[in-house]
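Numbers restart at 1 for each chain; the letters A, B, ... are given by sequence-line order, proteins then strands.
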Number of protein chains: 2
Amino acid sequence: MTVRWDSPETGAAAAYREIKQRIVNLEYQPGEKLSEARLAAELPFGRSPIRSALAQLKSEGWIEVSPQSGSFVKALTDREISDMTSLRVMLEMHCARIGAARMTDADLAKLRSAFATLGPLADNGDGEAFIEVDTVLHLALYRSTDNQMIAGILLDLRDKVQWIRRACAVSSERVKEGFAELKPILQALLLRDPEAAAERMRIHIESSAAFCRMVDHTASRRARFPTGIPG
Amino acid sequence: MTVRWDSPETGAAAAYREIKQRIVNLEYQPGEKLSEARLAAELPFGRSPIRSALAQLKSEGWIEVSPQSGSFVKALTDREISDMTSLRVMLEMHCARIGAARMTDADLAKLRSAFATLGPLADNGDGEAFIEVDTVLHLALYRSTDNQMIAGILLDLRDKVQWIRRACAVSSERVKEGFAELKPILQALLLRDPEAAAERMRIHIESSAAFCRMVDHTASRRARFPTGIPG
DNA sequence: ACTATTCAACTAGCATGTCAGTTCAGCATC
DNA sequence: GATGCTGAACTGACATGCTAGTTGAATAGT
């Protein structure tokens, strides 16, 4: 990225990480106003790095900036979630296909061990364990696909999915179900069956998306049309 | 998605457009240094909007910023071009599939007329005519696919492709060839054959990518992306 | 009670100045 | 000539103050 790959993190980058994390963790809720001044007071940064961070968050779709008015945490519309899902399905299926063909035996062994360790917890509805094993599986696929651009998009979408997951409470039932969807993916990878892996991945992504719908729509509508909803 | 739909373009946005256009047009060549001060002197903007514009260009991969040193126009590596092509193939094939199924007769009629008007020129090797009809075809497909996230990615990749096209001189032979690849795509769309449209699109994207290789004019130290997928 | 107007507080956009890190031409040394 | 050192010029990161646009509650008018 930069010439100095060991350079210390700039304030702007640190502010970006911090604010984004607070958004994902719902400490800053959808629709909430995030003014530069407020953030500069709340965080150990001046207005300049905060401003840079907000610009990046805006370009990545986490917030909306209204000139001379304020910055607001965005709420994803059903439409955006649906768009996101289509894209994820396509890219994740691609990664699953490639992964089934190219993943090394060492990677597969690591996956198997992760499933063995965390599986029993996930089977009991442990959300954190599920997220952990889900993450291990997907990152391994991104790595074996070896396409930075696709990986970058999927990592970004993953953050958004985490966000949505927190916005709609996830039942332990859904956790068990989700983990049950992961198992056949691993099986297909072990059998090096690209089409089966892709198909199981499709099922996994689509069913996880079906459960997610963002809660706070009113705040977003208020933020977007403060003087009244047109029409 | 801001509150003010009719708000005038900010200086930062105008600077972004201008600088990006100059990069795509090779007025600023790959590897060239673009300091804030220089751009502020060269363009009718102060350092602040220039700084915002550079931040956005950085996050979109057009430039690299080296702290306390300078901003440089990025040169795409063969690897990045290859990554880009894989992604484009996948997404464009998806759009072609959806387009073949969902495109309206009115849209198809417009496409046919565009081919009729510009086709003879493109057949003679007219690069501008080819780009025009190519753009019309692809944008129509993006529109019919009706997924803003995918369309956004493809539009960005399209800018990069235009950039690469200028970086490697395109022969009129290649123009004729490229246009010849578009015809079967239109045919497949008219026949509403999704698989044929997707397959022809794949051929089109891959063959156009095969001709492009970027030249870094400075060829000096160039940092690679050291960050991989963690895990 | 209800609407229209006003105005003070608040907002992001931007200019400008400062600062610390980077760079490289030119000098010193071998 | 080759190598190491120095310092001045340059760079992006950031702080700060100002401006113009936005907002919403208090106010005036009906």
Side-chain angles (χ1 to χ4, degrees), chain A residues 1-19 28 31-59 62-74 219 221-230, chain B residues 1-19 28 31-59 62-74 218 220-223:
Chain A
M1 180 103 63
T2 59
V3 174
R4 297 199 56 219
W5 42 274
D6 57 343
S7 64
E9 189 178 41
T10 64
Y16 164 80
R17 276 197 310 103
E18 179 63 28
I19 297 172
Y28 297 145
E32 189 171 342
K33 185 172 178 174
L34 297 180
S35 78
E36 292 177 0
R38 172 193 160 184
L39 291 172
E42 213 163 293
L43 302 171
F45 305 101
R47 273 178 49 211
S48 290
I50 293 287
R51 188 174 165 70
S52 299
L54 288 180
Q56 192 174 346
L57 289 167
K58 173 191 172 188
S59 79
W62 294 96
I63 66 174
E64 295 179 358
V65 177
S66 188
Q68 269 68 47
S69 168
S71 305
F72 303 87
V73 178
K74 196 162 182 304
R221 287 167 73 79
R222 243 184 283 119
R224 241 187 285 241
F225 310 107
T227 57
I229 315 286
Chain B
M1 297 300 183
T2 59
V3 174
R4 303 201 51 215
W5 316 337
D6 57 341
S7 66
E9 188 179 42
T10 64
Y16 164 80
R17 276 197 309 104
E18 179 63 28
I19 297 172
Y28 298 145
E32 189 170 341
K33 187 171 180 175
L34 296 180
S35 78
E36 293 177 0
R38 171 192 160 185
L39 291 172
E42 212 163 294
L43 301 171
F45 304 102
R47 278 169 47 212
S48 288
I50 293 288
R51 189 173 165 70
S52 300
L54 288 180
Q56 191 174 347
L57 289 167
K58 172 191 171 185
S59 78
W62 294 96
I63 65 174
E64 293 178 1
V65 177
S66 186
Q68 270 67 48
S69 168
S71 305
F72 302 87
V73 178
K74 195 162 184 311
T218 61
S220 50
R221 67 205 124 61
R222 199 110 298 259

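Residue-level contact check: A:Ser71 touches the backbone only, with heavy atoms under 4.0 Å from sugar-phosphate atoms and none from bases. Using a 4.0 Å heavy-atom distance criterion, A:Leu34 is classed as a sugar-phosphate-only contact.
If you take CZ of A:Arg51 and P of C:dC14, they are 7 Å apart, rounded to a whole angstrom. Between B:Ile50 atom CD1 and D:dA13 atom P there is a gap of 14 Å when expressed in whole angstrom units. Atom C1' of nucleotide C:dC10 and atom CZ of A:Phe72 are separated by 11 Å, given to the nearest angstrom. The CG-C1' distance, from B:Leu39 to C:dC14, rounds to 17 Å in whole Å. Atom CG in A:Leu43 sits roughly 16 Å away from atom C1' in D:dC14 (whole-Å rounding). When rounded to the nearest whole Å, the span between CD of B:Glu36 and P of C:dT16 equals 14 Å. Atom pair A:Leu54:CG and D:dC14:P shows a separation of 14 Å (rounding to whole Å applied). C:dT16 atom P lies 15 Å from atom CZ of B:Phe45, rounded to whole Å.
Between B:Glu36 and B:Leu54, the shortest heavy-atom contact is CG-CD1, 3.8 Å. Taking every heavy atom of both residues into account, B:Phe72 and B:Ser66 meet most closely at CE1-CB, 4.4 Å. Contact record, A:Ala15 with A:Ile50: CB-CD1, 4.3 Å, taken as the closest heavy-atom pair.
In terms of polar N and O atoms assigned as donor or acceptor, the side chain of B:Arg47 never comes within less than 3.5 Å of the base of D:dG12 in a complementary pairing. Put simply, the side chain of B:Ser48 and the base of C:dA15 share a donor and an acceptor less than 3.5 Å apart. Between the base of D:dG12 and the side chain of B:Gln68 there is a donor-acceptor pair shorter than 3.5 Å.
Without hydrogens or angle criteria, A:Arg51 side chain to B:Ser52 main chain gives no donor-acceptor distance under 3.5 Å.
Using a 4.5 Å cut-off on side-chain heavy atoms (C-beta onward), A:Phe45 and A:Ile19 make no contact.
In this model, the phosphate group of C:dT23 is approached by a side-chain N or O of B:Ser69 to a distance below 4.0 Å at OP1 or OP2.
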